[in-house]
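Chain identifiers are assigned alphabetically (A, B, ...) following the order of the sequence lines, protein sequences preceding nucleic acid strands; residue numbering begins at 1 within each chain.
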2 protein chains.
Amino acid sequence: MGNKKTTIKDIANVLGITPSAVSKALNNHPRISEKTKNAVIQVAQNLNYQPNHIASALRKGKTNLVGVIIPRASSNFFSSIIEKIEDILNDKGYNVIITQSNESYKKECASIEALLFTQVDGIIASMANETVKLDFYNKVKKKGIPLILFDRGENDLNVDYVGIDDYQSSHMVINHLVEQGCKRIAHISGNSNARIYKNRIRGYIDALEQHNLPFKKELLIESNLRQKDGRKIMQQLLELPERPDAVYASGDYVALGALEVLKQNNIKVPEDMALVGFSNEPFSSIVTPAITSIEQHSEKIGELAALTFLKRVAAPNEEVSLNKMILTPELIVRGSSLRVKTD
Amino acid sequence: MGNKKTTIKDIANVLGITPSAVSKALNNHPRISEKTKNAVIQVAQNLNYQPNHIASALRKGKTNLVGVIIPRASSNFFSSIIEKIEDILNDKGYNVIITQSNESYKKECASIEALLFTQVDGIIASMANETVKLDFYNKVKKKGIPLILFDRGENDLNVDYVGIDDYQSSHMVINHLVEQGCKRIAHISGNSNARIYKNRIRGYIDALEQHNLPFKKELLIESNLRQKDGRKIMQQLLELPERPDAVYASGDYVALGALEVLKQNNIKVPEDMALVGFSNEPFSSIVTPAITSIEQHSEKIGELAALTFLKRVAAPNEEVSLNKMILTPELIVRGSSLRVKTD
DNA sequence: TACTTTTGTTCCATCGTTTGAACAAATATA
DNA sequence: TATATTTGTTCAAACGATGGAACAAAAGTA
């Protein structure tokens, strides 16, 4: 068999018309007759024609590729956001390139570089914990392609953003813990350079104040939020002269690590130590005790991010109004923090 | 500022040479003098030249994009494979497009379609549980681009494959359970159409025979391996007139579901019912009791898959020798199956 | 009938890079 | 010195699809 790929030209030859006419027929150009259009479609099918997307991208200056950068795919939060983004964008003829930064600034830069190299039509990203310098993201902005951040964003970048109200999240958690009778609430935070963790810290401190609880510096600990960080930090907390009676962790994995140490030390959860995580990862409901957590409505975040991208490509020149979309989170109360049995 | 992108032509104009010379200089063509090469690189830098990857892809018929299809990113097994694949391929100048099938045949077909449309240089995939028809994968083969399968593959496809020895895995599990004194061992399998589950079933049956244990049809149950499937099936197993005293599940999630039901029913694990999972997901070590599982060496799988791809693109015409790479798995014994305390 | 408008198509340049062939100049070989 | 080889570059044709301008034919209008 002639193993060459069929091109628009082959179709043209069969029908005795020009490639240009074929192209127009396939793109449903108004000036092409129905008769020709049908004939072209027929022949295209017969020859098993597959449009060369690369050629079209070169000519049109548009690849129909969208890059998505996430810190880790293994987190359910991110993977479900991606799923939603894919859903929506695939429908509109876009393909999604997913890359992971693994929370590393260096890897993130490499990802951006790679995506720009691939000439994606836009980037939807959540920043690595490590990332402080915004140079690479500014590079994206300078390229003039849409850049949408979610969850982990920076105000300074001045781009569209979708996320939850982190300040309020902390209030929800602290209010709940206080209701449960907790008085010395520790907070395991992420990198305080990142906006979201900064906001959660602010919320934590303000909420404590509202409840007339003192803020103790030694109960606020910054970390990388991995499971092993949780183990280490909980160890530390247990060694304090005055132990906390509750821990509000800014992630479920770090909370899980903390829980392990608590169990090892036979500390009763929630009676002796209440525990709250963040993100509502599936495992938080299956460990014992199940971990109270914050649900961030990831599908909604994914949806909004995708729709915002589409809006931007549709109207690239509406420079002014940035979209900052802030969703309201939800506290999912479970065994790890439920001291007061209400029945 | 003149917001046009710099092209090879601009560089040529500055230096008074032809675009062709510039292209060759940038590609380190041996016939271009060092002097010209340096000059070109210099000017390219000054003008902030970014090569147009699309144009080059069109001309060369190569996108330097590799598609990876996995059932779910949320499984640690798959996400760590991807991480490794990315590592290796990025190094070689490839970018990786990740897509999820969500275990759905339809979504998998759509993914393949999308990847072919994007004109990836190759596809590395693990099949969805649902997938039985191989038509779309055959389409990939017909395109002539490398196709490498891992974990979930099919012999009929006749392509490179990386995975573990599933037959042996079952032996390891059964041997271990028998050592622990189990006599009625149930097996929760995945879709028996898939090669890997078929092999595990074979291994299960043969191993039972080796130990002179009878194979009971009602103790072999096929499922989708989700957590909820585990709950349902364990419920069923408990209702049998003769309960099993051990369950070997072909996945950690399904094992977890089973464990939940066991705990609810106050059945002692491992004393009354031993439990073994598969894949060694991180959570298997953190639940109580920790679940015995099979470690599949995911990084190694990812590495081999990536290297095989590279080998194929390097020598596309070595038609004959397919690579079927079968790794030896490892049984990680934990509390859920450890009855005999050895100290 | 003469002229305008509409319709359907062809023509041709273009997107930016690559590559084999061609060619002149420089260098090596006999 | 004549001839062969090497070196450095230009030439020109791709890769496949696109879209505006041009153009002929058909249809509509006066």
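Between B:T18 and D:dT9, a side-chain N or O to OP1/OP2 separation shorter than 4.0 Å is absent. Taking side-chain N and O atoms only, B:T7 has no distance below 4.0 Å to OP1 or OP2 of C:dG16.
The separation between A:K9 atom NZ and D:dC15 atom P is 7 Å, rounded to whole Å. In this structure, B:K35 places its NZ atom 10 Å from P of D:dG8, rounding to the nearest Å. We find that CZ of B:R59 is positioned 16 Å from C1' of D:dA17, with the value rounded to whole Å. The separation between A:N13 atom CG and C:dT10 atom P is 12 Å, rounded to whole Å. Between the CG atom of B:L58 and the P atom of C:dT19 there is a distance of 12 Å, given to the nearest Å. Regarding A:E34, its CD atom lies at a distance of 9 Å from the P atom of C:dG8, rounded to whole Å. Rounded to whole Å, the distance from CD1 on A:I32 to C1' on C:dT6 is 14 Å. The CG atom of A:N27 sits 15 Å away from the C1' atom of D:dG20 (whole-angstrom rounding).
When heavy atoms are screened at a 4.0 angstrom cut-off, A:L26 is found touching no nucleic acid atom at all. Within the nucleic acid shown, A:I54 has no heavy atom closer than 4.0 Å to any nucleic acid atom. Note on B:S56: only backbone sugar-phosphate atoms sit closer than 4.0 angstrom, heavy atoms only; bases stay farther off. Contacts of A:S20 with the nucleic acid, taken as non-hydrogen atoms under 4.0 Å apart, include base atoms.
Mapping B:K24 and A:R31 onto DNA chain D by nearest heavy atom places B:K24 closer to the 5' end of the strand.
Ranking D:dG16, D:dT9, C:dG8 by closeness to the B:T36 side chain, first place goes to D:dT9.
The environment of NZ in A:K106 is sparse: at most 12 heavy-atom neighbours from other residues, nucleotides or ligands sit within 6.0 Å.
By the 6.0 Å and 45° rule, A:R72 does not stack over the aromatic ring of A:F77.
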